[in-house]
Amino acid sequence: MKDYGLVSVITPAYNAGELIRKAIQSVINQTYNNWELLITDDCSTDNTKHIIEEYIAKDSRIKYFCLEKNGGAGVARNNSIKEAKGRYIAFLDSDDMWMPHKLETQLRFMQEKDCALSGTSYLTVNEKYEVTGLVVAPKVQTLWQCMCDSKLGFSTCIYDTSKIGKHYMPTLRKRQDWGLELKILRVCKVAYEVKEPLGYYLKGHNSLSKNKFSLIKYNIAVYRKVFNWPYPIAFLFFLFFFFPSYILKRFELRRINR
């Protein structure tokens, strides 16, 4: 198998409990072996640390860090990015999973496309990890398209530091993953996506899409943080560009998964 370079897998954890086992095991099961898994614990109060330590005892590629105080997923991810040694930065949330050939397939794809940022299609699952739907990635995602509503599944994203250097999340409690996608696309202009679904995304009861006020608040905050827009401009862009695109995406997902 071709060695594309070290992949640093970035995973934040907060009271992840038994769910994180599936995420860790999906990395261990990768057909591509040149990776490190950097888990930053956001001050969990459950057994998250003990579960991670079980895996560390068996695999030295897994590294554990713990924040001094709770800062949110973005702060936890940024800590892991800072510690990362890999050429490639990949993201996997503690309740999501990858298919075994995910890294191998996606890295080969990135080499073929000569791209700095990529994602893939993915399957959605419920709390029993039963497949509930399919999210099909578009072939490309431009900065403008991402501004109008990202179609990059964050737990499928990989970026190449050899092309664009390291990039960190904006310091927001929510939507900082989308903010990072926008920051990267401002540099590399376009992301390419693998049509094949290579990940599993757990749709929780507290997802952002079920909290419309949170959607408005944090989307506007992303525009202000990433583009330094004044509030009225950020709000108008959300209202006239993001929101219509978001509604269309929801209808398209329902059509595909009927």
Side-chain angles (χ1 to χ4, degrees), residues 6-28 35-56 59-98 102-103 117 119 122 150 152-159 161 164-184 199-208 211 214 217-219 221-222 225-226:
L6 179 65
V7 180
S8 296
V9 183
I10 308 301
T11 298
Y14 176 70
N15 289 347
E18 293 296 321
L19 290 177
I20 201 169
R21 289 187 187 277
K22 294 183 180 294
I24 295 173
Q25 195 61 52
S26 76
V27 177
I28 292 172
W35 54 261
E36 61 175 356
L37 173 58
L38 301 99
I39 304 172
T40 295
D41 188 344
D42 195 19
C43 300
S44 296
T45 57
D46 65 354
N47 62 342
T48 295
K49 179 180 179 180
H50 300 296
I51 292 171
I52 296 167
E53 287 176 338
E54 289 178 26
Y55 286 94
I56 290 174
D59 197 322
S60 61
R61 295 173 295 177
I62 302 170
K63 300 173 175 63
Y64 174 82
F65 309 93
C66 188
L67 298 179
E68 293 183 358
K69 63 178 182 179
N70 181 273
V75 174
R77 291 189 185 109
N78 281 345
N79 182 73
S80 290
I81 294 172
K82 180 186 70 175
E83 299 289 344
K85 303 294 191 296
R87 170 182 173 177
Y88 295 95
I89 304 292
F91 296 93
L92 176 65
D93 283 352
S94 59
D95 53 1
D96 295 336
M97 296 185 300
W98 288 343
K102 193 262 189 189
L103 287 180
L117 175 64
Y122 58 92
S150 173
L152 286 163
F154 195 68
S155 275
T156 74
C157 283
I158 299 178
Y159 76 85
T161 65
I164 59 173
K166 275 190 180 182
H167 288 265
Y168 293 85
M169 302 238 164
T171 52
L172 298 168
R173 275 281 176 176
K174 294 183 180 180
R175 297 295 271 161
Q176 71 287 134
D177 48 359
W178 176 50
L180 178 60
E181 293 170 3
L182 290 170
K183 287 178 66 177
I184 293 173
Y200 298 91
Y201 168 69
L202 175 63
K203 296 189 72 172
H205 294 298
N206 296 319
S207 65
L208 185 64
N211 188 335
S214 185
K217 174 184 174 181
Y218 285 102
N219 273 36
V222 166
K225 197 81 170 179
V226 174

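Index from 1, following the sequence.
Taking the side chain as every heavy atom from C-beta outward, Ile20 and Ile52 approach each other to under 4.5 Å. With a 4.5 Å cut-off on side-chain heavy atoms, Ile62 and Val27 do not count as touching.
Taking each heavy atom of Leu38 and Ser8 in turn, the nearest pair found is CD1-CB, 3.7 Å. When all heavy atoms of Lys82 and Tyr168 are compared, the pair lying nearest together is CA-OH, 3.5 Å.
The ring pair (Phe, Tyr, Trp, His ring centres under 6.0 Å) check on Trp178 picks up Tyr223, Phe242, with sequence neighbours excluded. By the ring pair (Phe, Tyr, Trp, His ring centres under 6.0 Å) test, Phe91 is found to be paired with Phe154, residues two or more places apart in sequence or in another chain being considered. Not counting sequence neighbours, Glu68 has no partner by the salt bridge (Lys or Arg N to Asp or Glu O under 4.0 Å) test.
Considering CG of Asp59 and CG of Leu37, their distance stands at 8.5 Å, rounded to 0.5 Å.
Side-chain contact check for Lys102 and Thr156: no donor-acceptor pair (N or O, by modelled atom type) lies under 3.5 Å.
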- Message: Run the salt bridge (Lys or Arg N to Asp or Glu O under 4.0 Å) test on Asp42 and Arg77 for me, step by step, so that the C-alpha distance in whole Å, both residues' side-chain angles and the decisive distance to 0.1 Å come before the verdict.
- Response: CA-CA 10 Å; Asp42 195 19; Arg77 291 189 185 109; over 6 Å; no
- Message: Assess the residue pair Lys85 and Glu36 against the criterion (side chain to side chain contact (heavy atoms under 4.5 Å, CB included)); give the C-alpha distance rounded to whole Å, side-chain angles, the decisive distance to 0.1 Å, and a yes or no.
- Response: CA-CA 8 Å; Lys85 303 294 191 296; Glu36 61 175 356; 3.6 Å; yes
- Message: Please determine whether side chain to side chain contact (heavy atoms under 4.5 Å, CB included) holds for the pair Ile164 and Leu117, giving the CA-CA distance in whole Å, both sets of side-chain angles, and the decisive distance to 0.1 Å.
- Response: CA-CA 9 Å; Ile164 59 173; Leu117 175 64; 5.8 Å; no
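Judged purely by atom type and a 3.5 angstrom limit, Thr40 has no side-chain atom pairing as donor or acceptor with the backbone of Phe65. Panel note: side chain Asn70, backbone Cys43; no donor-acceptor pair is recorded below 3.5 Å. Side-chain atoms of Asn15 come within 3.5 Å of backbone atoms of Thr45 as a donor-acceptor pair (strictly under, hydrogens ignored).
Atom NZ of Lys49 is surrounded by 12 or fewer heavy atoms from other residues, nucleotides or ligands within 6.0 Å.
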